Protein chains: 2
Amino acid sequence: METVERAAATAGAAAIGPCAAIPAEHMDFIRQTLDRVGDKWSLLIIAVLEPGPLRYTDLQRQVPGISQRMLSLTLRQLGQDGLITRTAYAEVPPRVEYTLAPLGRGLHEIVTSLIGWAADHHDEIRANRERAATTGS
Amino acid sequence: METVERAAATAGAAAIGPCAAIPAEHMDFIRQTLDRVGDKWSLLIIAVLEPGPLRYTDLQRQVPGISQRMLSLTLRQLGQDGLITRTAYAEVPPRVEYTLAPLGRGLHEIVTSLIGWAADHHDEIRANRERAATTGS
DNA sequence: CGGGATCCTATTAGATACTG
DNA sequence: CAGTATCTAATAGGATCCCG
């Protein structure tokens, strides 16, 4: 709790403003939630699910490169966390639809921002990275 | 910002619903950028760097649980991508400061949203997860 | 103080094959 | 169609030692 203030003192009086970064007590569940949502596929699936319900196969098509295994796994976790909803229709052939739950819809806005940012700055980042590699890391 | 809408328009007739999710062409670098930024520590480091420059040791203290290795690695990558800036002062004892670069500052706003969301819905997510576990997954 | 190099383990992710 | 199961390769991550 005093960690931040002490850091401020160390960095010098001029450095740090009124808004301390993150209270140490919150770090833990921030990390947990970030881990859950920040994995390789979750955000992508949430992004893809925004326009409306999708079936398993559709998801697989719209998230290129994802394996069946990871799709199943991620869907199950997102479902358990209440971010998406799974609806199975008892018909033949079987049909299962995944929908963004309210919780996931809230997250979606942020995901959109993040994806927008990624799209906007992708070139810049790549340029930076290549320059760094050229400059001799 | 408009990237997403433009993307939707580009996808056009080929897609299913009214508002197509993400054009397949963009999926790739979105994934790349998301991977870079969505790893275990990057977002946290960016969040912690927002108030002002921090030294290596300060970072290590403010991001609990991070190892020297991961801190070094993540800092280097963020630096190469141009999200943060490393400044070394040639003095004894040596002092090195890490600062959010403009690019990283832009990302920071999104990170803040994400952290805010995580803080707001952490309890809900945990409840959902436990209920799912109890219900027999 | 600010790391780099190395070793080793745990977790993750992909491919493949199979099922209701 | 919508998954599960299993096996394996790759990677992430932690611990430790060491150096400028």
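Given the structure is predicted, the values throughout are model-derived calculations rather than measurements. The chains referred to below are lettered A, B, ... by the order of the sequence lines, with proteins before strands, and numbering in each begins at 1.
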Quick one: what's the B/S/- string for nucleotides 5-20 of chain C, heavy-atom cutoff under 4.0 Å, read 5' to 3'?
-B------BBB-B--B

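Between L43(B) and V37(B) there is a side-chain heavy-atom pair separated by less than 4.5 Å. Side-chain contact check for L44(A) versus T74(A): every heavy-atom pair is 4.5 Å or farther apart.
Other residues, nucleotides and ligands place no more than 12 heavy atoms under 6.0 Å from the CZ atom of R126(A). By the 6.0 Å contact criterion, CD on Q32(A) is enclosed, its count of non-hydrogen atoms from other residues, nucleotides or ligands being greater than 12. In the displayed structure, R105(B) atom CZ is contacted under 6.0 Å by more than 12 heavy atoms of other residues, nucleotides or ligands. Within a 6.0 Å radius of CD in E130(B), more than 12 heavy atoms belonging to other residues, nucleotides or ligands are found.
Chain A approaches DNA chain D within less than 4.0 angstrom (heavy atoms of the protein), and the contacting nucleotides run 5' to 3' from dC1(D) to dT6(D).
Classification of R61(A) and D58(A) as a salt-bridged pair holds, one side-chain N sitting under 4.0 Å from a carboxylate O.
Within the 4.0 angstrom heavy-atom criterion, only backbone atoms of the sugar-phosphate kind lie near T57(A); the bases stay farther away. Y98(A) comes within contact range of the sugar-phosphate backbone alone, with a heavy-atom separation under 4.0 Å but no base atom that close.
Between the side chain of Y56(A) and the backbone N or O of Q68(A) there is at least one donor-acceptor pair closer than 3.5 Å.
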